[in-house]
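We count ligands from 1, going down the list as the structure has it; atoms in each ligand are counted the same way. The first residue of the sequence shown is numbered 1, and numbering continues consecutively from there.
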Amino acid sequence: MFNNLSEKLDKAFHILKGHGKITEVNVADTLKEVRRALLDADVNFKIAKDFTTRVKEKAMGQDVLTTLQPGQLLIKIVKDELTELMGGDATGINLSGNPTVILMSGLQGSGKTTFSGKLANFLKDKKNKKPLLVACDIYRPAAINQLHVVGDQIGVEVYSEPENKNAVDIAQNAIKHAKANGFNVVIVDTAGRLAVDEEMMTEIANVHKAITPNETLFVVDSMTGQDAVNTAKAFNDRLNFDGVILTKLDGDTRGGAAISIKSVVNKPIKFIGTGEKMDAIDVFYPDRMADRILG
Ligand code: GDP
């Protein structure tokens, strides 16, 4: 994960090695390389620039130049800032409400259906919940089938109304069904489009308003880099979602989305998807991710 970024940051810190004492110029050179590494990873220019400015201020504030191990201290400052940038502390999922209602949003192909299954599986196995999956894609019968396949795979019931073309109705009926049948979590998988469009936004906003979810999650493909951040902004403007799910982190992603998304929408990344299988889900811990990036 993020091998290229890790390698580049490692190289940046090489500048500091082999110097008995480091100078302000060495620090500036290192930070220039850190910034370049972030830009190469598809981090937005302003975020990368602000990042290195903060690191420099902290480094000067902590008298990096006069400490015994200036290189180590600078790496620690970078790691702390990277953790902060990705969200600081890990944020769990809000499981209040009876049932807890979770709404999935995102573009088609982002991994919503797969993640809905993974989350249901996670809540069933790890949190002892009885989840119900809801197919709210009224445009693509294949999407409904796909959720049924996922449900069968993990042994979770799927609620669908293939003949009903009203997503709000389906979602509300599903919650009634859950209440009547002892389900304590309802995960609503919605329709996605290939790009943000008004019709989709209005539809999901209507579902959101009608079912007042305890958690609204935005699912995004991390491979899409800065586009991921722009899409997040568009969805957040409409839904004011609670958290981000970054999928496909197992692929050849450069890492920009993971690093920048929190600072753009000010919402935490809650989970990551690391594969196509139902158990390829991890809670997102910013500090562990920073550790991983800095090797
Ligand atoms: P949706 O249109 O948003 O519901 O997206 P899907 O759940 O159908 O996922 C689109 C494709 O991405 C499918 O082929 C999934 O198997 C794949 N996919 C989803 N999540 C991940 C992931 O974390 N890693 C990988 N490698 N593939 C994923």
Nitrogen or oxygen of Thr113 less than 3.5 angstrom from that of ligand 1: yes

Check: Gln108 N/O within less than 3.5 Å of ligand 1 N/O: no

Heavy-atom nearest neighbour of atom 8 (O) of ligand 1 within options Gln146, Arg193, Glu276: Gln146

Heavy-atom neighbours of Lys56 NZ exceed 12 at 6.0 Å: no

Distance under 6.0 Å and angle within 45° of ring axis: Arg193 vs Tyr139: yes

Ser110 touching ligand 1 at heavy-atom level, < 4.0 angstrom: yes

Distance filter under 4.0 Å to Thr274 heavy atoms, resulting ligand 1 atoms: 23 (O)

Check: Thr216 side chain, Phe241 main-chain N or O, donor-acceptor pair, under 3.5 Å: no

Gly111, any N or O under 3.5 Å of ligand 1 N or O: yes

Per-residue contact class, Met104 against ligand 1 - non-hydrogen pairs under 4.0 Å: neither

Taking atom 10 (C) of ligand 1 as the reference point, the nearest protein heavy atom with its distance: Gly109 O, 3.7 Å

Ligand-residue contact atoms, ligand 1 with Leu107, heavy atoms, under 4.0 Å: 3 (O)

Test of proximity, Leu249 against ligand 1: N or O pairs below 3.5 Å: no

Element-labelled atoms of ligand 1 that are located less than 4.0 Å from some non-hydrogen atom of Lys112: 1 (P), 3 (O), 4 (O), 5 (O), 7 (O)

Any donor-acceptor N/O pair, Lys8 side chain to Val34 backbone, under 3.5 Å: no

Polar side chain donor-acceptor pair, Asn26 to Thr23, under 3.5 angstrom: yes

Protein heavy atom at shortest distance from atom 26 (N) of ligand 1: Asp250 OD2, 2.7 Å

Salt bridge (charged side-chain N to carboxylate O under 4.0 Å, His left out) involving Asp152 - partner list, sequence neighbours excluded: none

Of the listed options Gly275, Gly273, Ser222, closest to atom 21 (C) of ligand 1 (non-hydrogen atoms): Gly275

Polar atom proximity, Thr247 to ligand 1 (N or O, under 3.5 Å): no

Aromatic ring proximity, centroids under 6.0 angstrom, Tyr159 and Phe183: no

Ion pair Glu57/Arg54, N-O distance below 4.0 Å: no

Identity and separation of the nearest protein heavy atom to atom 7 (O) of ligand 1: Thr114 OG1, 2.6 Å

Audit row: Arg254, Asp40, salt bridge (Lys or Arg N to Asp or Glu O under 4.0 Å) steps and yes/no: CA-CA 8 Å; Arg254 285 182 288 169; Asp40 279 352; over 6 Å; no

Identity and distance of the protein heavy atom lying nearest atom 18 (N) of ligand 1: Lys248 CE, 3.9 Å

Cluster companions of Val25 among Ile, Leu, Val, Met, Phe, Trp, Tyr (side-chain spacing under 4.5 Å): none

